[in-house]
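Input: a single structure, listed below in structure tokens.
Just follow the structure's listing: the first ligand is 1, and inside any ligand the first atom is 1. Residues take their numbers from the sequence shown, with the count starting at 1.
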Amino acid sequence: GTSAIKIALKALGVKPGHEVITQAFNFVATVEAIIEVGATPIICNVDDTLNMCEKDLKDKITKKTKVIIPVHMLGVSVDLTKILNIAKKNKIKVLEDNCEAVGAKYKRKYLGTLGDMGIFSFDFSKTITTGEGGAILTNNSKLDKYCREYHDHGHQNNKRYPRGRDTVGISGFNYRMTEMQAVVGKTQLTKLNYILKENKLRYQILEKSLDGVIKIRKIPKNSTSIYDTFIFTVKEKNKKKEVIEFLKKNIGTKNLHDAIKWHCAYFWKHMLTKKQIQNSIKTKNILEANIAIPILLKQSKKKYSEISKKLKKILLNNT
Ligand SMILES: *Cc1c(COP(=O)(O)O)cnc(C)c1O
């Protein structure tokens with residue numbers, strides 16, 4: 001996924017001196033890839049949908065902005081029409097980071113297919129996996145050609161010649177995925193619909209039981225979620241602590257709150273300027289009020305039912 005972002009940014013012509021806007025609720029990979037191509041990462045806040053804030057995005061655009069990377073975080077799409085319109089108006093390209101929402105849709109279309117380019121990760125922790133690996137999607141043949149060549153030492157795979165005598169036009173690198181991994185990926189792909197269906201059943205158990213008890217992450221109107229994470233808000237400090245302690249003993253709390261430092265730009269002092277860090281405080285505050293329950297197929301529906309009952313008890317106690 002990280003390599004896919006880098007290759008896509010190169011295909012889109014991102015160079016030193018350019019700015020690339022991405023969001024504060026994210027994974028370090030997008031910022032790493034922006035730095036890797038020599039561009040400047042600009043951090044945009046998320047709003048309470050936990051995805052890119054349209055208003056903040058508008059404020060962050062300058063003459064140097066070359067690409068916007070919205071990231072569909074934890075299974076749910078950003079309101080893409082708004083982002084695409086802002087980009088179009090300013091003649092900026094959109095690269096969808098769809099590592100965390102493989103199979104999710106926006107207006108009935110698969111995420112990763114709506115921007116100029118889209119990227120996926122098949123890392124071990126993602127919805128479908130090849131151990132390590134990723135993919136780039138685009139329907140622009142020029143961009144497609146660049147990506148294919150760049151990730152394979154510049155090989156043009158010219159049909160008229162054997163590989164050893166292949167033609168070359170650009171200096172590339174080696175970001176090839178092995179064919180053995182691709183075979184695993186093809187089989188994984190056939191399981192995607194089953195995974196999404198089972199996710200939803202588990203998610204709905206929590207939703208039914210906790211609706212009205214807590215504020216659950218709202219899924220935007222045009223967004224079809226993959227239901228791989230159940231997110232809810234607990235503002236009161238002691239209650240939050242109690243809920244997190246309970247979940248940690250039973251199922252974990254995924255990015256929020258377990259791995260928040262890897263997923264919020266506010267903590268990335270090793271990569272970002274003070275100004276970008278300061279800009280991300282708003283996102284940090286939103287994220288800190290949220291808790292995420294991972295939806296896992298290896299956990300039974302009965303387990304989610306038990307968790308929801310105990311959670312309800314904790315949440316309703318002395319409130
Ligand atoms: C996992 C992830 C990546 C990186 O993918 P890798 O395949 O692990 O390199 C990039 N962006 C987001 C949002 C991710 O969750």
For ligand 1, the portion of D97 having any non-hydrogen atom under 4.0 Å away: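 For D97, only side-chain atoms sit under 4.0 Å from ligand 1.
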Which of the numbered atoms in ligand 1 are below 4.0 angstrom from a heavy atom of [X]?
X	value
V71	13 (C)
A29	3 (C), 4 (C), 10 (C)
D123	7 (O), 8 (O)
G133	7 (O)
G1	5 (O), 6 (P), 7 (O), 9 (O)

Heavy-atom side-chain contact between V102 and I226 under 4.5 Å: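 V102 does not reach I226 side chain to side chain.
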Heavy-atom nearest neighbour of atom 4 (C) of ligand 1 within options T30, T2, I5: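 Of the listed residues, T2 has the closest heavy atom.
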Nearest option to atom 6 (P) of ligand 1, as decided by whichever heavy atom of S121, A33, C99 sits closest: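 Considering heavy atoms of S121, A33, C99, the nearest to atom 6 (P) of ligand 1 sits in S121.
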Polar side-chain atom of Y266 near backbone of A24 as donor-acceptor pair, under 3.5 Å: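 Looks like no, no N/O pair under 3.5 Å.
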Ring-face cation contact, F173 with K6, 6.0 Å cut, 45° max: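 Checked: cation-pi criterion met.
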Plane angle bin for F232 and F230 - parallel if under 30°, tilted between 30 and 60°, otherwise perpendicular: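 Rings of F230 and F232: tilted, 30 to 60°.
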Nitrogen or oxygen atoms of S3 and ligand 1 under 3.5 Å apart: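 No.
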Close N or O approach (E100, ligand 1; < 3.5 Å):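 E100 vs ligand 1: N/O contact under 3.5 Å present.
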Taking atom 1 (C) of ligand 1 as the reference point, the nearest protein heavy atom with its distance: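 Sorting protein heavy atoms by distance from atom 1 (C) of ligand 1 puts K126 NZ, 1.7 Å first.
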Ring pair (Phe, Tyr, Trp, His ring centres under 6.0 Å) against H72, all qualifying residues, sequence neighbours excluded: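 Result, ring pair (Phe, Tyr, Trp, His ring centres under 6.0 Å) vs H72: none returned.
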CZ (R108) with more than 12 external heavy atoms under 6.0 Å: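 Count not over threshold, so no.
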K284 atom NZ: more than 12 heavy-atom contacts under 6.0 Å: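 Atom NZ in K284 is crowded, with more than 12 foreign heavy atoms closer than 6.0 Å.
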The single option from T224, T113, T81 passing side-chain hydrogen bond (donor to acceptor under 3.5 Å, both in side chains) against Y106: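 Of the listed options, the one satisfying the test is T81.
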